[in-house]
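Heads up: the structure comes next, in structure tokens.
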Protein chains: 2
Amino acid sequence: MTSNEKSTDFLYGLNEWEIVEKSFRPDKNDHHETVFAIGNGFIGMRGSYEEGLDKRGYKGFEGTFLNGIYENGVIRYGEIGYGYPERSQTMINVANSKSIKLFLDGETFDMLSGELLEYRRTLNMKEGFLRRNVIWRSPKGKEIKLEIERIACFSRKSIAAIRYCLIPLNFEGKVKLISELDGNVGNSASENDPRVGSGLENDVLETVITAAEEEFSALVQVTKRSRLAVACLSKEQEEEGYCPQIVRGTGNSHVETVYDFVAEKGKPFSLIKYIAYHAGCFPQETALGEAAEQLENAERAGYAVLKEENRLFLEAFWQKADIEINGDLPLQQAVRFNLFHLLQSVGRDGKTNICAKGLTGEGYEGHYFWDTEMYVVPAFLYSCPDISRKLLEYRYHTLDKARERARQMAHSKGALFPWRTIDGEECSGYYPASTAQYHINADITYAIKNYVEATNDLGFLKAYGAEIVFETARLWRDLGFFSEEKDGQFCIHCVTGPDEYTAIINNNCYTNLMARENLRYAWETAQWLEREENRCYGELKARLGLEAGEITEWKEAADRMYIPYSQKHGIHPQDDCFLEKKVWDFEATPPEHYPLLLHYHPLVIYRHQVCKQADVVLALFVLGHLFDKETKKRNFDYYEKVTTHDSSLSACIFSIVANDIGYCDKAYDYFIKTARMDLEDYHGNTNHGIHTANMAGSWMCIVNGFAGMRALNGKLSFAPSLPKAWEKLSFKLSYRGCRVKVAISRRNAVYELLEGECMTLLHRGEEIQLSKDQPVTVEW
Amino acid sequence: MTSNEKSTDFLYGLNEWEIVEKSFRPDKNDHHETVFAIGNGFIGMRGSYEEGLDKRGYKGFEGTFLNGIYENGVIRYGEIGYGYPERSQTMINVANSKSIKLFLDGETFDMLSGELLEYRRTLNMKEGFLRRNVIWRSPKGKEIKLEIERIACFSRKSIAAIRYCLIPLNFEGKVKLISELDGNVGNSASENDPRVGSGLENDVLETVITAAEEEFSALVQVTKRSRLAVACLSKEQEEEGYCPQIVRGTGNSHVETVYDFVAEKGKPFSLIKYIAYHAGCFPQETALGEAAEQLENAERAGYAVLKEENRLFLEAFWQKADIEINGDLPLQQAVRFNLFHLLQSVGRDGKTNICAKGLTGEGYEGHYFWDTEMYVVPAFLYSCPDISRKLLEYRYHTLDKARERARQMAHSKGALFPWRTIDGEECSGYYPASTAQYHINADITYAIKNYVEATNDLGFLKAYGAEIVFETARLWRDLGFFSEEKDGQFCIHCVTGPDEYTAIINNNCYTNLMARENLRYAWETAQWLEREENRCYGELKARLGLEAGEITEWKEAADRMYIPYSQKHGIHPQDDCFLEKKVWDFEATPPEHYPLLLHYHPLVIYRHQVCKQADVVLALFVLGHLFDKETKKRNFDYYEKVTTHDSSLSACIFSIVANDIGYCDKAYDYFIKTARMDLEDYHGNTNHGIHTANMAGSWMCIVNGFAGMRALNGKLSFAPSLPKAWEKLSFKLSYRGCRVKVAISRRNAVYELLEGECMTLLHRGEEIQLSKDQPVTVEW
């Protein structure tokens, strides 16, 4: 497979900075809604059409989501067990503010009727807007030209806006536009796919305020159980020279503003719809007031300013985060698409995080997973470390809930972070592939360690990081034990590793390796605090009731950690019994039986050697310095044969490790699967939302994979390997106050220090001293 | 502990043939309702009072159950998975026909008001009735004497009856009796205890017929999902010389017959209420017609005849099944109580089975488990083998559903019996402790093998048994594999053994041992059929598509079965990793934290060496011939230390094995816990129903334990060991057409052949030849 196929092989037009839908494809509507979603880290709006889409058999999931805003449900179990989470949390579909309906002399604008003379939809990733250009001929022959733009404002958390511009091409006559706030919305989650969610009851929102004032239209709704107030406001503004009659009205959870005018042929009419969302705890008037203030500010600024703000915001973002791939447009486009969508979905306020499916769909109920720490934090860490920090601060804010969960799980000390959550409370309904995945504790510590090392942000470590690192270390110490049967080595039983096709096993290799890092880093952090920040350390110890003996025990547990290894195979078994299992019969498995989890009972899957995703292979990447190349190869070769990549978190990791061990073609193939996963809908479920971890994985594939970047012992090192199809790859990295540009071509690698005085890095093991603005070129 | 404590230490009066409640204890009402339940294998009625019990804080679960009659519900999961059962089945609480209300001049008879001058409730196990004797003084001073009897007719599946007799002691005046059929009933299952059930929706029954005729009162209801029609009819009859005014009426799912008369001091009035239940598929008129016919027959026979029929039925039963224990009244009483309740709850029609909680409560939703084959079938096998056969026929009738389930579980051949079911469809909601318990397949085959060996009923083997034995063998062959890592031995992965505190593990010792028996018996049965019943064999092979190679494979799998053994400990590890786990910290576990399953998350329990129940120890009993005494001791000693007996299926097995290895005191202690478990409510949940497996276990404790009976290679063998407290133990056993009486005293054992010409048995390994009516005495 190569990505340089004809552009007709791709679902969208190829373009460096845009995703372009060139013809109306209602059959792909639900997929397009995800791809063309816009967001700003708080608001997420699926790319549904303003006028809606009369379904006639076409799928669509109208949706607007606010990061962190959820409703509780009751999790019901076939058979209840002690310590099972009782409450679900589901990111709710809030009031639809996108709705603008158009009528021409009584004919309803509807792309499924009449004739579509032109159609083009563009997601502009450089400037941050979604635009639709349409020329439509009504069944009675009226031709109208539309240009509709939609933005979510990166610099204004509460604000989105729509610019709706129409030009009658061949007629004059009555035109009616109805701009709505529609609160009659609900979630559509399916009960039959565990990757979507168990679904909420209907009618989770109770409407408490509807208002249709000249000042604004408003709809305030409250969630019935989680008791959050969600205000959705809008204000319309006409731009050009008609004087429409305006009528405002409210209905059942519904507010509308109707514009009537007689349009003239060739004369444009433009409507700007400013939209504000605010959500939070009671009282509801506060939500309304906050939204109204933001709305007024936005209106005062005007649409052009909002759009320019987005452009500037993105200019700064791309300046830091862009990856240039010359010679491979499909992948260039895909990588930007992925980074852009990550930015659109990531919470940046320390109180919210990033959903597995972003703010683009209802998949996984809008939950936050380990995807954050092992995929998204790294992808932002070297360009926008402030975002990574905010994601980790979120964990700190939920630490008390993690402590409580640890007690429920019979751990007298420490904290256990939830496998899936929105507000920090565990709300997974199947513990073998959730609560049992204790590794999330170590993943969080791993991300903290990397964050601190990459930024030298010791203030964060003191204020937030150390406490998490200590509490997670405590949990590992309590969870594991020094096993007589394993000669006193420290063993961890009854956990599930990253690979969810194996569950509740002993000594998952990845988990033990990562727990060792966690314990060791906790010990090192304690040493450092004692030495350098003794007062802070004293306070923390007192607050946590931390005893000196505990810290020694962490070190002891780390030093004596049992890491499974098979002499016979020369590989690390995924767990104590993995190699004893029968290998899955791949030959007898028809293609339509993937993903296996939708076609086989868990017992059947667990009984076999078959991996949903990278597990040991993930350790080969994140703890790569612990393994020599031959060991990596043996492990990669072994696990590749038994891995289905049914998880979207897998291909990117295989790509990185393939690069590491010189499997360049494989690295490239896995990268293609990663990079264009959502654009091409490789997993068949992008309609439920983007795959954020995978998107972040595409950053890792390039920087950690093709460029071979690792950060270790305070230095960045590189081992570039440019895919044959590419001419050049370049990107920038921030590291400890410096910023370096890396450009890899077929002939050489060029390292250039853009910020900072000097920097030492490694190129294939050799030290390179960089000084500002004095690029160093390494020829092959 | 010894059972010969003062009678005041017991909840009930001690009596050889009766359970007597000597004073009114409304605080124990829900427990009494179970203990005083009556049943006939089809109808089960909890011991609720005819007039009900105004609760005022007292617990009660009014209930009438019909064996096999259930409603479907939807099983909801926290997270759905492939192959999870979708429909629940819950034995429903059907219309209450027990209700008879009494009013004296407008004062309501209610034992919680007025004054109770006498109270005595008696369950008569020799004759089969429940009787209540009461003298009550009303708040206004009227004294009345009541004697109320209730029977469920063993010889008439559909019939129960109540005799309600009253005598005014100190007054004359208006008396009103209201006899009701009350269809406003529902199930009360709790959502918070996995041992009860997930509960049904309310209003599962729709009333389709209510009739209040002179001929009968009738209430026909249908279940909304499972579409079963349940007819409940009654007919009242006065016995003595009043001429009451009778008014009949119907209400909402309610039928009543009101008797009004002026009672005379000292003159008795008796009302007989004949009750008939019939249930089945549509049309509902059939159910009504069947019940009406049975009701008429019963009425024609009259109450005295019905009662005499019960006495005769039980005379025959006890003649075969009684166990006499001289010198230990509490245990004598308890053993009879247990056998009596088993008989009351066991289905005898081949279409129904025995619920884990009998027909006495809603625990476990009225489901049938492996309890049948491993506990109840053996307890009836040597006294009433016809009952055991019917229980096994039930499995045959559900074989198609077991085949279907095997396909869902990805087995291309064979059958997988459900862990819990009513109609044969798997309806367990937590697969690690249900579907994963594949051993049920081998348990069923084990019971078939024992049945055939004990009865020589080769007709059953040909008609039913062989097909089950073959289909279960096929499943084992498909489930396991010849493991390279274990030198080609046959391994079985990802199952749960009997011990539910360990789940989804590899090579559960009990499972592998029992699977080996299953495979071997299938092979032997195939050999026998081929040799002796070639035509039948050919037909069966053709029908099952059975190939010769398969049969060889069964033998090969059996011969190469891997049985875990630890040289280091000299014991059989419960599974591949059991001994590697940390031992549960029993010292740190407060008594109120038992049963552990209600106080610890499954992961916490699974992570430790802790057993809910006998697992390896069960194998030591049922396959005792495979282990020498020292091995048994080592295993018993090891597992006893880590077993909580949180399962009611455990103590009896430990008692039997303790006897086997000479731990006589332990054997006795475990037996006491077994024998009086429900009478004394040792598990604290007898209110949800009796523990049938444990009750059957008390039979095994005596016959297999104290008498040391085993059946092997066509012979019975004994190794008696009389508890110190006992004077004599005697019982009878049927075996291959013979019946032998065994009497064990402090001085000797006496074996007497009651039926059959001659019999060879073993006493402590020595052969004894018995001829009819020539007892052989073995002195100690």
Side-chain angles (χ1 to χ4, degrees), chain A residues 75-85 88 191-194 197-198 408-411 427-436 438 479-481 483-486 491-495 503-507 568 576-577 579-582 596-608, chain B residues 75-85 88 191-194 197-198 408-411 427-436 438 479-481 483-486 491-495 503-507 568 576-577 579-582 596-608:
Chain A
I75 307 183
R76 291 185 61 180
Y77 296 93
E79 196 176 307
I80 191 75
Y82 179 87
Y84 285 16
S88 66
E191 290 211 3
N192 296 320
D193 186 339
S198 56
Q408 284 170 3
M409 295 302 295
H411 302 293
C427 52
S428 51
Y430 177 65
Y431 76 81
S434 63
T435 297
Y438 278 78
L479 179 66
F481 70 110
S483 163
E484 269 182 50
E485 300 281 323
K486 288 269 201 285
C491 290
I492 299 172
H493 281 187
C494 261
V495 300
I504 316 184
I505 38 64
N506 299 338
N507 295 311
K568 181 175 161 190
D576 277 356
C577 70
L579 296 182
E580 300 200 356
K581 296 181 185 181
K582 195 174 173 181
L596 301 181
L597 71 98
L598 297 186
H599 301 91
Y600 298 92
H601 191 282
L603 282 172
V604 179
I605 296 174
Y606 296 168
R607 185 173 294 130
H608 291 91
Chain B
I75 308 183
R76 290 186 60 182
Y77 296 92
E79 196 176 307
I80 189 75
Y82 180 88
Y84 285 15
S88 67
E191 289 212 4
N192 295 320
D193 186 339
S198 56
Q408 285 170 3
M409 295 302 294
H411 303 292
C427 52
S428 52
Y430 177 65
Y431 76 81
S434 61
T435 297
Y438 278 78
L479 178 66
F481 70 111
S483 163
E484 270 182 50
E485 299 281 323
K486 289 269 200 286
C491 290
I492 299 172
H493 282 187
C494 261
V495 299
I504 317 185
I505 37 64
N506 299 338
N507 294 313
K568 182 175 161 190
D576 277 356
C577 71
L579 297 181
E580 300 200 357
K581 296 181 184 180
K582 196 175 173 180
L596 300 181
L597 70 99
L598 296 186
H599 301 91
Y600 297 92
H601 192 282
L603 281 172
V604 180
I605 296 173
Y606 296 168
R607 186 172 294 131
H608 291 90

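Note that this is a predicted model, so its numbers are computed, not measured.
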(request) Anything under 30° is parallel, anything over 60° is perpendicular, the rest tilted; go ahead and classify B:His601 against A:Tyr431. (result)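 The arrangement is perpendicular - the two ring planes meet at more than 60°.
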
[X] to [Y] - nearest heavy-atom pair and separation:
| X | Y | result |
| --- | --- | --- |
| A:Tyr430 | B:Glu79 | CB-CB, 3.7 Å |
| B:Glu580 | A:His493 | O-CE1, 3.1 Å |
| B:Glu485 | A:Lys568 | OE2-NZ, 3.3 Å |
| A:Tyr82 | B:Pro602 | O-CD, 3.8 Å |
| A:Leu603 | B:Cys494 | CD2-O, 3.6 Å |
| A:Gly78 | B:Ile75 | CA-CG2, 3.5 Å |

(message) Can you tell me which portion of A:Leu479 sits under 4.5 Å from chain B's heavy atoms? Options are side chain, backbone, both or neither.
(response)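 For A:Leu479, heavy atoms of backbone and side chain both lie under 4.5 Å from chain B.
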
(request) Using non-hydrogen atoms and a 4.5 Å limit, figure out which bit of A:Ser434 sits close to chain B: side chain, backbone, both or neither. (result)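 For A:Ser434, there is no contact with chain B at all, as no heavy atom is under 4.5 Å.
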
(request) Measure B:Ser428 against the heavy atoms of chain A and call it side chain, backbone, both or neither at under 4.5 Å. (result)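 No part of B:Ser428 comes within 4.5 Å of chain A.
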
(message) Given heavy-atom pairs under 4.5 angstrom as the criterion, report whether the side chain, backbone, both or neither of B:Tyr600 touches chain A.
(response)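 Contact with chain A is through both the backbone and side chain of B:Tyr600.
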
(message) Could you work out, with side-chain contact (heavy atoms from CB on, under 4.5 Å) as the rule, every residue matching A:Glu484, not counting sequence neighbours?
(response)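 Applying side-chain contact (heavy atoms from CB on, under 4.5 Å) to A:Glu484 gives none.
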
(request) Give the member of B:Gly83, B:Ala410, B:Gly429 that has the highest number of heavy-atom pairs under 4.5 Å with chain A. (result)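 Answer, by heavy-atom pair count under 4.5 Å with chain A: B:Gly429.
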
(message) To the closest 0.5 Å, what do you measure between CG (A:Asn506) and CG (B:Asp576)?
(response)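 Nearest 0.5 Å value for the CG-CG distance: 10.5 Å.
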
(message) My understanding is that only residues two or more places apart in sequence, or in another chain, count here; which of them pass side-chain hydrogen bond (donor to acceptor under 3.5 Å, both in side chains) with A:His608?
(response)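 Result, side-chain hydrogen bond (donor to acceptor under 3.5 Å, both in side chains) vs A:His608: none returned.
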
(request) Would you mind telling me which of A:Lys581, A:His411, A:His599, A:Lys486 has the largest number of heavy-atom pairs within less than 4.5 Å of chain B? (result)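 Max contact count across the listed options: A:His599.
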
